Amino acid sequence: MSKSFYITTAIDYVNGRPHLGHAYEKVIADVIARAHRSFGESAFFLTGLDEHGQKVQQAALAEGKNPALYCDELAVIWQEVAAKLQLTNDDFVRTTQRRHKEVVQTILSKLYDEGQFYKALYEGFYSTKEETFLTEKDRRPDGTFDPMYGEVVRLQEENYYFKLREQQSWLIDYIEKNPSFVAPDYRRNEVLGFLKNNVLEDLCISRPAARLNWGIPLPFNTDYVTYVWFDALSNYITVPASRNDAGVPPQFHWHDVSSESSISVWPADIHLIGKDILKFHAVYWPIMLKAMGAPLPKQILVHGWWQKDGQRMSKSTGNVVDPVAIIDEWGVDAFRFYVVRELDIGPDGNWTDAGFRSRYSAELANGLGNLVNRSLSMLKRYREGKLRKISTELDPEATRVITETRSLLEKNELQRALITIWSLVTRANQYVDQTAPFKLAKEPAQADRLDEVLYNLAEVCRILAVLLWPFLPDTSSKIFQQLGLSGAPDKFQAAHWGGLAAGHTIGTPTPLFPRKETVPKEQTAQ
Ligand code: MSP
């Protein structure tokens, strides 16, 4: 079995419902996975949930539920949202699954046997909220700790530690020699800066079960559970390990491997994550993998954070953007389009309802929707939906857009890919205005010219459907249907001029993006 392209997302804490930030990351990963499949590659897309640890235990407790039941209930909702976003994930990992827990224990046992861990007494500060130990260095100039750490307590306890310090120079060297290991560049520089200016503290990989029992017991001392980040990061490899993956060192394969179908995906090609969890992925994770003797992922791709109206989204402020509400009102493709078009992978972004509505109306309804609808409606009206002759007038412009889109998709430049695709939408809309088929239709001497124009428009619509497949799968399928084409627009190789044959008859045009009243709801209600 040859190795598939493998993309993962962060696995989300199940301490609430998915919000815009979670959904954004998953949509980006889905676009990348779909693009690779469209290029004819096989791709494996993994997402899932991080269910152990203090955050989840506390959230369950606050609802008076036991954590296992709490996670089971929420996992259903998260998977429904994944389906609603039209994610094409090939697996969905939950860190409470037996396959994951057992492989994590195998990893821990092997590393313990090899002397990678040691036990030591810790005395100092601990943030329960962030589940992390703090040092004097973490104090602010006025002596307090950042409020993000919540309540900070003094603690004295024995724990197991993973030796990181001795890996520091190797890791710096590795990141310097592999410039694309962390992207974008400024995130790579951030990691290198951190590694060069700090001595790496060894990583505490346990929590005493007496204090926190919602976790995977350490196989060599069940008075402890595994630190949630060691547990969570492992998901990227426990899934392949539980599915007989040849890229995973055999000693980590799950003993019950026959119960899952085989895959060949490791090492991962892309771990897509948000900027806040960069250190875990670019520092701890490579060191864990090196200790396991497993090949390292090819890239950690880091996206920025969304704000709402210029403010951090938070449940307490009540300004959290709910992707489900947006999808129910505007459709899944409107959501997918806005998040990818608005925010490039890297910088931070800002969601405003006005910005969303404006892109919906300008780019989707009046741009793409109008182009497809008027092109196919004219073909229906003037030629009973039948293409009479082939023409290549817009071929050069379409071909340039196809080539550029492909190269941008290969570089994960999704926002620029959409901008490029929209240059064809705009060009084709201008073409309608310039050629004025509605006038040509009134002049019998222009019949040939009208046939040409209608062909160019229909063919541009077909090509757009193929280019848009990774981004707007619903819309792209609808365009194919309305063009009377069978099959899915899911193969990039179909993006070449001349796919529609003379004599082909299209289906029924229907608006793709209904125009919406742009007056905010509160005002209409009065
Ligand atoms: N469970 C850990 C990740 C473990 S990965 C081995 C975690 N979970 S999380 O639910 O807090 O965040 C999940 C992902 O969502 C992270 O990549 C995070 O950066 C991303 N986002 C959370 N809020 C976000 C925004 N407001 N905007 C964009 N992405 C954000 O961290």
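This chain uses plain numbering: 1 for the first residue, then up along the sequence. Quick caveat, the model's predicted, so the values are computed rather than measured. Numbering of ligands and ligand atoms starts at 1, following listing order.
- In terms of polar-atom proximity, M313 is not counted as a contact of ligand 1, lacking any N or O under 3.5 Å from an N or O of the ligand.
- Within a 6.0 Å radius of CZ in R154, other residues, nucleotides and ligands contribute more than 12 heavy atoms.
- Aromatic pair Y160/Y118: ring centres not closer than 6.0 Å.
- G304 counts as a contact of ligand 1, since one of its heavy atoms falls under 4.0 Å from the ligand.
- Atom numbering of ligand 1 starts at 1 in the shown order; those under 4.0 Å from a heavy atom of A232 are 6 (C).
- Using a 4.0 Å cut-off between a side-chain N of Lys or Arg and a carboxylate O of Asp or Glu, E342 and R359 qualify as a salt bridge.
- Checked against the 6.0 Å centroid criterion, the rings of H19 and W306 do not qualify as a close aromatic pair.
- The neighbour count for K110 NZ, taken as heavy atoms of other residues, nucleotides or ligands under 6.0 Å away, does not exceed 12.
- Ring geometry for F117 versus Y112: interplanar angle of 30 to 60°, hence tilted.
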(message) Go through it in stages, so that I can follow the logic: the residues are K26 and D12, the test is salt bridge (charged side-chain N to carboxylate O under 4.0 Å, His left out), and I'd like the CA-CA distance, side-chain angles, deciding distance and then a yes or no.
(response) CA-CA 10 Å; K26 277 55 186 181; D12 304 316; 2.8 Å; yes
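- Checked by distance only, ligand 1 and K275 stay at 3.5 Å or farther apart across all their nitrogen or oxygen atoms.
- For D276, a nitrogen or oxygen atom sits less than 3.5 Å from a nitrogen or oxygen atom of ligand 1, counting backbone and side chain alike.
- Ring to ring, W330 and F356 are close: their centroids are under 6.0 angstrom apart.
- Remark: ligand 1 atoms within the under-4.0 Å shell around heavy atoms of D50 are 1 (N), 2 (C), 4 (C).
- Where the criterion is an N or O separation shorter than 3.5 Å, residue side chain and backbone included, E25 meets it with respect to ligand 1.
- The aromatic rings of F145 and Y149 sit perpendicular, their planes meeting at an angle over 60°, well past the 30° parallel limit.
- The nearest heavy-atom contact from the protein to atom 29 (N) of ligand 1 is H303 CE1, 3.2 Å.
- Listed by number with element, the atoms of ligand 1 under 4.0 angstrom from any heavy atom of H19 are 22 (C), 23 (N), 24 (C).
- Atoms of ligand 1 found under 4.0 Å from any heavy atom of H22, numbered from 1 in the order shown, are 10 (O), 13 (C), 15 (O).
- With ring centers used as reference points, Y122 lies under 6.0 Å from F133.
- Ligand 1 places these atoms under 4.0 Å from at least one heavy atom of G274: 17 (O), 19 (O).
- Of all the heavy atoms of D12, the ones lying under 4.0 Å from any atom of ligand 1 are found in both the backbone and the side chain.
- Across the listed options W305, Y284, W306, W305 owns the non-hydrogen atom lying nearest to atom 22 (C) of ligand 1.
- Looking at R312 against ligand 1, nothing comes within 4.0 Å, counting heavy atoms.
- Looking at atom 3 (C) of ligand 1, its nearest protein heavy atom turns out to be I11 O, 3.2 Å.
- In this comparison of Y24, Y13, F280, Y236, the heavy atom closest to atom 5 (S) of ligand 1 sits on Y236.
- Residue A10 has no nitrogen or oxygen atom sitting less than 3.5 Å from a nitrogen or oxygen atom of ligand 1, judged on distance alone.
- The CD atom of E201 sits 10.0 Å away from atom CD of Q168, with the distance rounded to the nearest 0.5 Å.
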